[in-house]
Undergrad: 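Okay, handing you the structure first.
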Amino acid sequence: MQPLQHRMFQEMSSKEVFRTAQQCAFEYADQVSGRPVFPQQEALEGLGVFEEPLPEEPCDAQSLVRQLHRYGSPATVTGTGGRYFGFVTGGAIPASLAVRWLSDMWDQNAALQVMSPVVAKLEEVCQRWLRELLGLPDEVVAGFVSGTSQAIVCGLAAARYRVLERAGWEVNTRGLNGAPAVRIVTGDCAHGAVVKAVSVLGLGTGNVEWVATDSQGRIVPEALPELDDHTVLILQAGEVRTGAFDPFGELCAKARDAGAWVHIDGAFGLWAGASERFQDLTRGMEMADSWSADGHKTLNTPYDSGIVLCRDREAIAQALHASGSYLAFGDQREGMYYTPEMSRRARAVELWAVLRYLGRSGVGELVAGLHDRAVQMADALRDKGFAILNDVVFNQVLVACEEDELTTRTMEQIQASGECWVGGAEWCGRRVIRVSVCSWATTEDDVSRSVQAFAAARHKAQAEMERGRLPGDSS
């Protein structure tokens with residue numbers, strides 16, 4: 001036995017490196033709520049310790065873990081806490097984190113049933129549960145990918161396959177050169193991931209037919225062009241700034257009558273379909289042909305957990321699956337049929353854990369709680385004199401001050417405070433602060449503390465502007 005191999009067998013046998021990792025993880029969990037939401041300068045400078053030459057020899061495993069904890073943990077963004085609102089970043093439900101630890105020890109490859117029967121079974125169960133939870137048709141199949149960006153690619157790949165197949169064009173063998181045109185129709189507030197998917201699939205961003213949207217970013221039904229069976233209509237469940245939902249019932253009915261394919265981009269908003277409270281937002285979404293969502297956003301699984309759902313099993317399988325004489329296909333669900341990857345980690349295990357832990361009522365309570373905290377945030381900021389520019393229908397809040405410069409400087413002061421963290425955007429020609437409430441850990445107190453941070457940041461920004469000083473100028 002080689003010395004290095006012997007050492008690794010010893011580490012596996014003694015479990016000391018795992019106990020060290022557990023100790024560090026628990027220490028981090030105990031401290032996370034008290035850490036600055038964004039790392040301070042000292043922690044960022046500490047990352048310089050990782051700038052070292054590639055070591056010539058193996059190192060001690062426990063020392064490696066301790067080094068990562070000592071210098072890495074302080075430089076993390078505390079997305080698992082309750083005051084991170086910068087992007088649509090969910091927390092991580094404890095049960096799913098625990099299951100991930102176990103699943104990581106399994107280290108399963110989820111490509112084929114024969115490679116991991118347990119993961120294949122959990123994927124099958126998640127697929128069925130997702131249909132039930134979201135009210136989708138029984139024929140819908142699910143693929144478990146890294147995130148919504150990849151899920152959109154998968155859904156549109158299935159759409160491209162089916163639209164061209166109807167036109168007598170087999171795209172897998174003939175490619176796109178000379179193929180009939182595939183029309184892409186979507187709202188002018190579509191997420192950048194949609195644009196990227198259109199580009200990646202060779203459908204041409206310059207060919208997109210942009211449809212006018214209203215003041216909340218919803219497609220105006222009257223502005224929808226005439227659809228046909230060469231069309232892919234892309235809708236939104238949750239505009240990334242306002243949280244608004246397209247009117248699915250009316251738009252999907254028009255698409256169905258025309259034979260068009262409908263994809264719903266629902267990275268964080270699709271989960272509203274799990275709650276009766278948001279039926280007015282999601283009514284009609286079951287009429288679509290494909291959907292994309294993230295477990296690691298609203299559902300609060302650990303990263304990475306993207307989901308593509310598709311009504312047309314043949315279309316998504318033909319668009320994505322690989323073949324090879326060495327592949328061993330069985331008579332049960334094969335996960336690689338519904339994803340671009342062959343080798344991939346067993347991400348459905350954490351998704352199963354969250355769905356099993358929460359159940360239908362728990363998912364509904366989680367989703368409703370995020371909305372409640374967003375409404376609390378909007379109401380409290382409005383009382384402090386901030387402008388709220390959107391209808392808070394789900395978990396997004398758009399905040400602005402009297403003028404763009406004050407909005408930008410206030411946001412920068414909030415970010416520097418470490419009390420909470422928010423991001424910026426533009427909406428209707430104005431600079432805005434975007435608040436995304438996505439973590440199960442966000443409490444009423446977290447919102448109150450964050451509102452105070454907003455007020456203090458605006459006061460400081462106003463004082464700086466009055467003195468004609470730049471942010472950070474100490475002269």
Side-chain angles (χ1 to χ4, degrees), residues 25 27-44 47 72-94 96-97 100 147-148 238 240-243 267-269 271 294-305 350 354 366-367 369-378 380-381 386 388 390 392 394-399 407-408 410-425 432-458:
E27 184 177 308
Y28 180 82
D30 289 341
Q31 297 174 355
V32 69
S33 62
R35 289 184 185 273
V37 178
F38 191 85
Q40 300 299 284
Q41 190 59 35
E42 181 181 359
L44 296 176
L47 294 175
S73 291
T76 59
V77 175
T78 59
T80 55
R83 296 190 305 281
Y84 183 83
F85 309 110
F87 294 91
V88 194
T89 300
I93 289 173
S96 66
L97 280 175
R100 179 162 186 165
T148 294
V240 74
R241 289 156 295 189
T242 67
F268 62 92
W271 302 106
D294 277 326
H296 55 241
K297 288 186 169 66
T298 308
L299 200 61
N300 281 227
T301 67
Y303 274 87
D304 56 359
S305 182
E350 297 108 69
V354 167
L366 172 64
V367 169
L370 301 179
H371 174 66
D372 289 343
R373 299 287 72 75
V375 170
Q376 178 193 353
M377 177 78 77
L381 287 172
F386 289 92
I388 305 302
N390 67 314
V392 184
F394 197 48
N395 66 335
Q396 302 291 104
V397 184
L398 288 186
V399 188
T407 298
T408 298
T410 297
M411 180 187 69
E412 291 170 348
Q413 292 292 344
I414 294 169
Q415 291 173 341
S417 74
E419 183 68 359
C420 67
W421 205 91
V422 293
V432 296
I433 300 171
R434 187 177 71 120
V435 177
S436 299
V437 184
C438 293
S439 176
W440 68 268
T442 299
T443 64
E444 293 182 34
D445 182 62
D446 285 322
V447 172
S448 298
R449 286 179 59 176
S450 299
V451 169
Q452 294 304 316
F454 267 77
R458 182 181 57 185

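Just so it is clear, the structure is predicted and the values come from calculations on it, not from any experiment.
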Undergrad: Of all residues at least two apart in sequence or in a different chain, which pass the side-chain hydrogen bond (donor to acceptor under 3.5 Å, both in side chains) check with Q452?
TA: none
Undergrad: Going by heavy atoms in the side chains, are S439 and T80 under 4.5 Å from each other?
TA: no
Undergrad: For I93 versus L366, what's the shortest heavy-atom pair and its separation?
TA: CD1-CD2, 4.4 Å
Undergrad: Can you sort out the partners of V375 under side chain to side chain contact (heavy atoms under 4.5 Å, CB included), two or more places apart, ordered by chain and number?
TA: H371, D379, V392
Undergrad: Any heavy-atom pair between the side chains of I388 and L381 that's under 4.5 Å?
TA: yes
Undergrad: Report the residues that fulfil side chain to side chain contact (heavy atoms under 4.5 Å, CB included) with A380, sequence neighbours left out, ordered by chain and then residue number.
TA: V451
Undergrad: Among residues at least two apart in sequence or on other chains, which ones pass side chain to side chain contact (heavy atoms under 4.5 Å, CB included) with A267?
TA: T148, D265, D294, K297
Undergrad: Where do G82 and T442 come nearest, in terms of heavy atoms and distance?
TA: O-OG1, 2.8 Å
Undergrad: If you look at every heavy atom in P39 and L44, which pair is closest and at what distance?
TA: CG-CD2, 3.8 Å
Undergrad: If I take atom OG1 from residue T242 and atom CZ from residue R434, how far apart are they, to the nearest 0.5 angstrom?
TA: 10.5 Å
Undergrad: For the backbone of C420 and the side chain of R449, can you confirm whether one donor and one acceptor N or O come within less than 3.5 Å of each other?
TA: no
Undergrad: With side chain to side chain contact (heavy atoms under 4.5 Å, CB included) as the criterion, how do F268 and N395 come out once you've worked through the C-alpha distance, each side chain's angles and the decisive distance to 0.1 Å?
TA: CA-CA 9 Å; F268 62 92; N395 66 335; 3.3 Å; yes
Undergrad: In Å and rounded to the nearest 0.5 Å, what is the CD to OG distance from Q40 to S417?
TA: 8.0 Å
Undergrad: Please set out all donor-acceptor pairs under 3.5 angstrom arising from side-chain atoms of residues 83-92, sequence neighbours excluded.
TA:
from: R83; atom 1: NE; to: E419; atom 2: O; distance (Å): 2.6
from: R83; atom 1: NH1; to: D446; atom 2: OD1; distance (Å): 3.2

Undergrad: N300 and V354: side chain to side chain contact (heavy atoms under 4.5 Å, CB included), yes or no, with the steps?
TA: CA-CA 8 Å; N300 281 227; V354 167; over 6 Å; no
Undergrad: Atom CD1 in I414, atom CZ in F454: separation rounded to 0.5 Å?
TA: 4.0 Å
Undergrad: Main chain of S305, side chain of H296: is a donor-acceptor contact present, judged purely on distance under 3.5 Å?
TA: yes
Undergrad: Using atom types as modelled and distance alone, determine if a side-chain donor or acceptor of D372 lies under 3.5 Å from a backbone N or O of L370.
TA: no
Undergrad: Determine which pairs satisfy salt bridge (Lys or Arg N to Asp or Glu O under 4.0 Å) with at least one residue from residues 30-39, sequence neighbours left out, and list them in order.
TA: none
Undergrad: Do you know the tightest heavy-atom contact between A374 and V397?
TA: O-CG2, 3.5 Å
Undergrad: Work out which heavy atom in L47 is nearest to a heavy atom in A75; give both atom names and the distance.
TA: CD2-CB, 3.6 Å
Undergrad: When you measure from the side chain of T298 to the backbone of W271, do you find a donor-acceptor pair of N or O atoms at a distance under 3.5 Å?
TA: no
Undergrad: Test of understanding: with side chain to side chain contact (heavy atoms under 4.5 Å, CB included), list the residues that count as partners of E444, not counting sequence neighbours.
TA: R373, Q376
Undergrad: Where the side chain of Q31 meets the backbone of A29, is there a donor-acceptor pair that is under 3.5 Å apart?
TA: no
Undergrad: At their closest point, which heavy atom of P302 faces which heavy atom of E350, and how far apart are they?
TA: CD-CB, 3.9 Å
Undergrad: How would you list, by chain and number, every residue that makes a side-chain hydrogen bond (donor to acceptor under 3.5 Å, both in side chains) with S436, sequence neighbours excluded?
TA: Q396
Undergrad: Taking ring pair (Phe, Tyr, Trp, His ring centres under 6.0 Å) as the definition, give me every residue that meets it alongside F394, ordered by chain and number, with sequence neighbours left out.
TA: F245, F278
Undergrad: Under the side-chain hydrogen bond (donor to acceptor under 3.5 Å, both in side chains) test, which residues partner R241, sequence neighbours left out?
TA: E239
Undergrad: Rounded to the nearest 0.5 Å, how far apart are SG of C438 and CG of L299?
TA: 11.5 Å
Undergrad: Just jot down the ring pair (Phe, Tyr, Trp, His ring centres under 6.0 Å) partners of Y28, sequence neighbours excluded, or say none.
TA: none
